[in-house]
Amino acid sequence: MRPTYFNTSLFILLLVFSWGCGPNNAAKVETTDAGIEVVFSDGVKIEFVKIPAGAFVMGSPDAEKDRDDDESPQHEVTISKPFYLGQFEVTQKQWTALMSANPSKFKNPDHPVDSVLWDQCQHFIDRLNSLQAGVFRLPTEAEWEYACRAGTTTRYPWGDDLHFVDMPDYAWFDYNSSRSTHPVGSKQPNPWGLYDMSGNVNEWCQDFYAPYPSAPQTDPLIQEGSTRIKRGGGFYDFSWNARSAARNPETNPTQLELLGLRVVREME
């Protein structure tokens with residue numbers, strides 16, 4: 001019998017080809033009324049809203065009810081370029097389509113993925129960037145607050161709501177969540193059509209946590225520090241943690257089920 005020789009070069013080529021032909025090695029981008037959709041090869045999609053360039057006052061005034069000192073000084077921030085922001089928090093269906101494993105405590109494909117640390121979010125974004133559908137990343141803290149406010153200057157995007165009368169219409173928080181996440185988009189959106197900017201899960205930002213400057217800023221990003229920042233409040237955070245200006249540094253990530261994300265897709 002003739003001996004069989006193992007062709008190493010051919011094996012490597014076949015292996016690379018098989019990796020490149022995986023179920024989500026590419027995605028297509030489709031235009032919608034709100035912005036775009038990035039559709040994976042298996043049909044799973046992420047919807048994005050186009051956020052315009054503009055300027056806003058970041059932080060909270062001294063008189064705002066329930067504010068924290070790290071929300072001052074208020075300062076003007078310019079977002080110089082429009083960008084796309086996820087209309088919803090990243091769901092377990094979307095996470096699993098790229099990452100296979102689902103780390104979430106509250107298993108449901110339509111709930112936001114939970115129990116993800118900042119570094120794990122970077123791995124998910126690396127997978128997104130490999131789909132050849134644009135450049136993806138976490139929002140900066142300034143982009144997040146700008147998009148959350150959506151042109152408003154009140155405590156919440158829907159108003160000051162001093163006694164939390166309207167909050168159950170817009171957010172899952174300690175009062176109404178039954179200590180669990182809920183399907184994304186099941187509450188009312190903010191004025192720019194973004195859902196769950198308050199409540200459900202906290203959303204990681206790209207920045208490190210640091211004191212605010214007093215001078216005007218353009219496209220700020222804090223790239224040095226020891227603690228990352230998350231925004232929006234979670235399903236059993238107190239209502240004031242979901243204010244537009246509320247900052248939530250992650251000093252001890254023990255309540256992992258509160259941690260999720262929303263992603264940016266940069267404009268081309």
Side-chain angles (χ1 to χ4, degrees), residues 24 38 40 44 46 48 68 70 83 85-131 135-145 147-148 171-174 177 179-184 194-211 220-238 241-242 246-266:
N24 278 310
V38 175
F40 304 165
V44 175
I46 302 180
F48 292 86
D68 287 322
D70 65 355
F83 60 96
L85 182 63
Q87 188 169 23
F88 309 98
E89 294 164 330
V90 171
T91 66
Q92 295 173 36
K93 181 191 302 182
Q94 294 161 348
W95 181 277
T96 306
L98 296 186
M99 304 294 284
S100 298
N102 180 2
S104 302
K105 177 179 179 179
F106 303 101
K107 295 287 196 293
N108 186 302
D110 297 322
H111 285 214
V113 66
D114 67 69
S115 306
V116 289
L117 297 176
W118 190 90
D119 287 341
Q120 292 173 299
C121 295
Q122 299 305 312
H123 291 313
F124 175 78
I125 289 168
D126 287 344
R127 297 282 179 91
L128 267 178
N129 284 323
S130 73
L131 300 182
V135 176
F136 300 88
R137 56 177 173 79
L138 291 176
T140 67
E141 188 180 12
E143 287 171 338
W144 192 97
E145 185 171 328
C148 178
W172 296 109
F173 62 111
D174 65 331
S177 71
R179 293 284 175 113
S180 173
T181 59
H182 291 264
V184 301
L194 299 166
Y195 292 82
D196 298 307
M197 293 298 285
S198 300
N200 222 359
V201 289
N202 284 272
E203 301 173 15
W204 286 111
C205 295
Q206 188 66 21
D207 304 61
F208 283 97
Y209 175 67
L221 171 63
I222 306 302
Q223 301 189 63
E224 295 182 353
S226 59
T227 302
R228 295 288 180 177
I229 188 77
K230 52 189 173 60
R231 287 297 205 109
F235 60 86
Y236 62 79
D237 277 329
F238 294 122
N241 287 334
R247 308 180 74 198
N248 298 297
E250 191 49 73
T251 55
N252 184 20
T254 55
Q255 295 178 316
L256 293 179
E257 63 269 24
L258 290 172
L259 303 177
L261 75 156
R262 185 186 306 258
V263 294
V264 162
R265 196 263 197 181
E266 295 183 353

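Contact between Ala147 and Leu85 at its shortest, heavy atoms only, is CB-CD2, 3.6 Å. Here the shortest heavy-atom pairing between Pro103 and Ala101 reads CD-O, 3.7 Å. Between Ser198 and Ala242, the closest heavy-atom pair is OG-O, 3.1 Å. Here the closest heavy-atom approach between residue Gly234 and residue Leu258 is recorded as CA-CD2, 4.0 Å.
In this structure the side chain of Phe208 never reaches within 4.5 angstrom of the side chain of Ile229, judged on heavy atoms. By the 4.5 Å heavy-atom criterion applied to side chains, Leu256 and Leu117 are counted as neighbours. Contact of the Lys93 side chain with the Val44 side chain is registered, since non-hydrogen atoms from C-beta on lie closer than 4.5 Å. Put simply, the side chain of Phe83 does not reach to within 4.5 Å of the side chain of Phe48, judged on heavy atoms. Between His111 and Lys105 the shortest side-chain heavy-atom distance does not fall below 4.5 Å. Contact annotation: the side chain of Leu259 approaches that of Lys230 to within less than 4.5 Å [non-hydrogen atoms, C-beta and beyond]. Counting heavy atoms from C-beta outward, Thr140 and Cys205 have side chains that stay 4.5 Å or more apart. Between Asp196 and Arg262, the closest side-chain pair of non-hydrogen atoms falls below 4.5 Å.
Between the side chains of Glu250 and Tyr209, no donor-acceptor pair is found at a separation under 3.5 Å.
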Q: Carefully, step by step, assess Glu89 and Leu261 under the rule side chain to side chain contact (heavy atoms under 4.5 Å, CB included).
A: CA-CA 6 Å; Glu89 294 164 330; Leu261 75 156; over 6 Å; no
**Q.** Test side chain to side chain contact (heavy atoms under 4.5 Å, CB included) applied to Gln206 and Ile222, step by step
**A.** CA-CA 8 Å; Gln206 188 66 21; Ile222 306 302; over 6 Å; no
Q: Evaluate side chain to side chain contact (heavy atoms under 4.5 Å, CB included) for Val113 paired with Asn102, printing each intermediate quantity in order.
A: CA-CA 8 Å; Val113 66; Asn102 180 2; 4.3 Å; yes
Q.
Let's go through Arg127 and Met99 carefully: what are the C-alpha distance in whole Å and the side-chain angles of both, what is the deciding distance for side chain to side chain contact (heavy atoms under 4.5 Å, CB included) to 0.1 Å, and is it a yes or a no?
A. CA-CA 8 Å; Arg127 297 282 179 91; Met99 304 294 284; 3.8 Å; yes
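Under a 3.5 Å cut-off, the side chain of Gln94 and the backbone N or O of Pro109 do not form any donor-acceptor pair. A donor-acceptor pair is defined here as one N or O able to donate and one able to accept, closer than 3.5 Å; no such pair exists between the side chain of Ser104 and the backbone of Phe106.
Among Val90, Asn200, Thr91, the one residue that satisfies the side chain to side chain contact (heavy atoms under 4.5 Å, CB included) test with Pro112 is Asn200. Tested against Asn202, the residues Asp237, Asp114, Asn241 include a single side chain to side chain donor-acceptor pair (under 3.5 Å) partner, Asp237.
Residues that satisfy the ring-ring contact (aromatic ring centres under 6.0 Å, His included) test with Phe88, not counting sequence neighbours, are Tyr195. Among residues two or more places apart in sequence or in another chain, the ring-ring contact (aromatic ring centres under 6.0 Å, His included) test is passed with Trp95 by Phe124.
Taking CZ of Arg247 as the reference point, atom CG of Asp70 lies at 5.0 Å (rounded to 0.5 Å). Note: Glu266 CD to Arg137 CZ = 4.5 Å, rounded to the nearest 0.5 Å. For the atom pair CZ (Phe136) and CD1 (Ile46), the distance works out to 6.5 Å, reported to the nearest 0.5 Å. In this structure, Trp118 CH2 and Asp207 CG are separated by 9.5 Å, a value rounded to the nearest 0.5 Å. Separating the NE2 atom in His182 from the CH2 atom in Trp172 is a distance of 4.5 Å, to the nearest 0.5 Å. Taking CG of Leu128 as the reference point, atom SG of Cys121 lies at 11.0 Å (rounded to 0.5 Å).
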